[in-house]
**Q** 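Please find one structure pasted underneath; my questions will follow.
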There are 2 protein chains.
Amino acid sequence: MNEKVMGIGMVCELTGLSERQIRYYEERQLISPDRTQGRTRKYSFEDVERIKEIQQKMNEGFNTFEIRQLAAKGRLTIKYSCT
Amino acid sequence: MNEKVMGIGMVCELTGLSERQIRYYEERQLISPDRTQGRTRKYSFEDVERIKEIQQKMNEGFNTFEIRQLAAKGRLTIKYSCT
DNA sequence: CGTGTAAGGAATTCTGACACG
DNA sequence: CGTGTAAGGAATTCTGACACG
C-alpha cells in the first residue's frame, strides 16, 4: 500500500499527530509525500506506518537527525526511500 | 483495504470518472463513502474497485437500478455492503 | 529542537439547480 | 437516465513567521 492517496487530515487521524508535526518530519526528510497539482500533500499507508515508527523513536529519545541516520542505515522496521 | 481515507479528487484520478459521476452513483446507492465532520466524502480502495466495476456494467448497458439489483443478488465481483 | 498558533491565501469539496434528452 | 456546468459557500490545506526554550 504505497499509493499516495490521502490528505494530511486523514494522516492526523490515523497517527494522532498534528499537521505541524507531520509537515516537520517531511522538512527533516523523514518522509516524502506526493503533491497534487494544487500543492496539497498526499500520503500512503506506508507513510502512515513510517510516521508511527518515527514517533516511537522520538518517544525513545532520538531526535530527527538521528532517526534520519537510522533510516539511512536500514535500522527502521518500515523501509522507505526518501528523496 | 476498506479504510475510507481518500477524497473524491483522488478517486477521480484512480477511476478516470468525474466527481459528478461518482456522487451520482452514491445517490443511486451503489456506493457509500464515509464523511468527515465537515461533510467531505472519504473513500476506500474497495470503493474505487467497486466504482470501476459499476462503470464496466454501465458500459455493458446496465442502468444504475439494474446494477443495484445485481449487487443485491451478489452478482458483482466486488462484494459490498451499502447502507 | 520540536511544536503551537494566528494570518492570509489557494485548492478542494459540497449542495441544489438548470440543461439536455 | 446519466452527466455537464455555473454558483456560492464551507471545509481543507498551504506557506512563512513569531514564540518558547
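Numbers restart at 1 for each chain; the letters A, B, ... are given by sequence-line order, proteins then strands. Predicted model, so just to flag it, every value in this text is computed and none were measured.
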**Q** Figure out the CG/P separation between A:Leu30 and C:dG2, and round it to whole Å.
**A**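 Distance check: A:Leu30 CG to C:dG2 P gives 9 Å.
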**Q** Quick check on DNA chain D: between B:Arg39 and B:Ser18, whose nearest nucleotide comes earlier from the 5' end?
**A** B:Ser18
**Q** What is the pairing partner of C:dC18, taking Watson-Crick or G-U wobble pairs with both distances under 3.5 Å in any strand?
**A**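 C:dC18 is paired with D:dG4.
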**Q** Give A:Arg41 one of three labels, base, sugar-phosphate or nothing, depending on what nucleic acid heavy atoms sit under 4.0 Å from its own.
**A** sugar-phosphate
**Q** Toward the 5' end of DNA chain D, which comes first, B:Glu27 or A:Gly38, by nearest nucleotide?
**A** B:Glu27
**Q** In terms of the nearest nucleotide of DNA chain C, which residue is placed more toward the 5' end: A:Gln55 or A:Gln37?
**A**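 Final value for this comparison: A:Gln55.
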**Q** Check the phosphate of D:dG2 against B:Tyr25, side-chain N and O only, distance under 4.0 Å to OP1 or OP2. Yes or no?
**A**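 For D:dG2, OP1/OP2 do not have a side-chain N/O of B:Tyr25 under 4.0 Å.
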**Q** Under 6.0 Å from the CD atom of B:Glu60, do we count more than 12 heavy atoms belonging to anything else shown?
**A**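 Counting neighbours around CD of B:Glu60, more than 12 heavy atoms of other residues, nucleotides or ligands fall under 6.0 Å, so yes.
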**Q** Return the value, rounded to whole Å, for the distance between atom CD1 of B:Ile22 and atom C1' of D:dG4.
**A**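 To the nearest whole Å, that distance equals 14 Å.
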**Q** Using whole Å, what does the distance between atom P of nucleotide D:dT13 and atom CE of A:Met10 come to?
**A** 9 Å
**Q** Output yes when a side-chain donor or acceptor of B:Gln21 lies under 3.5 Å from a complementary backbone atom of B:Ser18, and no otherwise.
**A**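 The answer is yes, because a donor-acceptor pair under 3.5 Å joins these two groups.
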**Q** Measure the distance from CD on A:Glu19 to C1' on C:dG2 and round it to the nearest whole Å.
**A** 16 Å
**Q** B:Leu17 CG to D:dG2 P: how many Å, rounded?
**A**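 So the two atoms are 14 Å apart, to the nearest Å.
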**Q** Counting the atoms with a prime plus P, OP1 and OP2 as sugar-phosphate, which does B:Arg20 contact under 4.0 Å by heavy atoms, base, sugar-phosphate, or nothing?
**A**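 Here B:Arg20 touches the bases of the nucleic acid.
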**Q** With a 4.0 Å limit, can you tell me whether B:Tyr24 has a side-chain N or O closer than that to the phosphate oxygens OP1/OP2 of D:dG4?
**A**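 No, because none of the side-chain N or O atoms of B:Tyr24 sits under 4.0 Å from OP1 or OP2 of D:dG4.
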**Q** A:Tyr43 OH to D:dC14 C1': how many Å, rounded?
**A**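 Atom-to-atom, A:Tyr43 to D:dC14, this comes out as 11 Å.
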**Q** When you check the phosphate oxygens OP1 and OP2 of D:dA10, does a side-chain N or O of B:Thr40 lie under 4.0 Å from one of them?
**A**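 No, no such contact exists.
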**Q** Do B:Glu49 and B:Lys52 meet the salt-bridge criterion of a basic N to acidic O distance under 4.0 Å?
**A** yes
**Q** Take the protein atom CD1 of B:Ile8 and the nucleotide atom C1' of C:dT15, then report the distance between them rounded to whole Å.
**A** 12 Å
**Q** Phosphate oxygens OP1/OP2 of D:dT12: is one of them under 4.0 Å from a side-chain N or O of B:Thr36?
**A**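 For D:dT12, OP1/OP2 do have a side-chain N/O of B:Thr36 under 4.0 Å.
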**Q** Between A:Arg23 and A:Glu19 (salt bridge meaning N to carboxylate O under 4.0 Å), is one present in this structure?
**A** yes
**Q** Going by purine N1 to pyrimidine N3 plus the second Watson-Crick contact, or the G-U wobble pair, all under 3.5 Å, which nucleotide sits opposite C:dT12?
**A**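 Check on C:dT12: paired to D:dA10, both distances under 3.5 Å.
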**Q** If the cut-off is 4.0 Å, is B:Arg28 near the phosphate of D:dT3, judged by side-chain N/O to OP1 or OP2?
**A** no
**Q** Could you check how far NZ of B:Lys42 sits from P of D:dT12, rounded to whole Å?
**A** 8 Å
**Q** Do other residues, nucleotides or ligands put more than 12 heavy atoms under 6.0 Å from the CZ atom of B:Arg35?
**A**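 Counting other residues, nucleotides and ligands, CZ of B:Arg35 exceeds 12 neighbours.
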**Q** Are the side chain of A:Glu26 and the backbone of A:Ser32 linked by a donor-acceptor contact shorter than 3.5 Å?
**A**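 Not at all, since once roles are kept as given, no pair shorter than 3.5 Å links the two residues.
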**Q** Is B:Arg23 close enough to C:dC14 that one of its side-chain N or O atoms is under 4.0 Å from OP1 or OP2 there?
**A**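 So the side-chain polar atoms of B:Arg23 do come within 4.0 Å of the phosphate oxygens OP1 or OP2 of C:dC14, strictly under.
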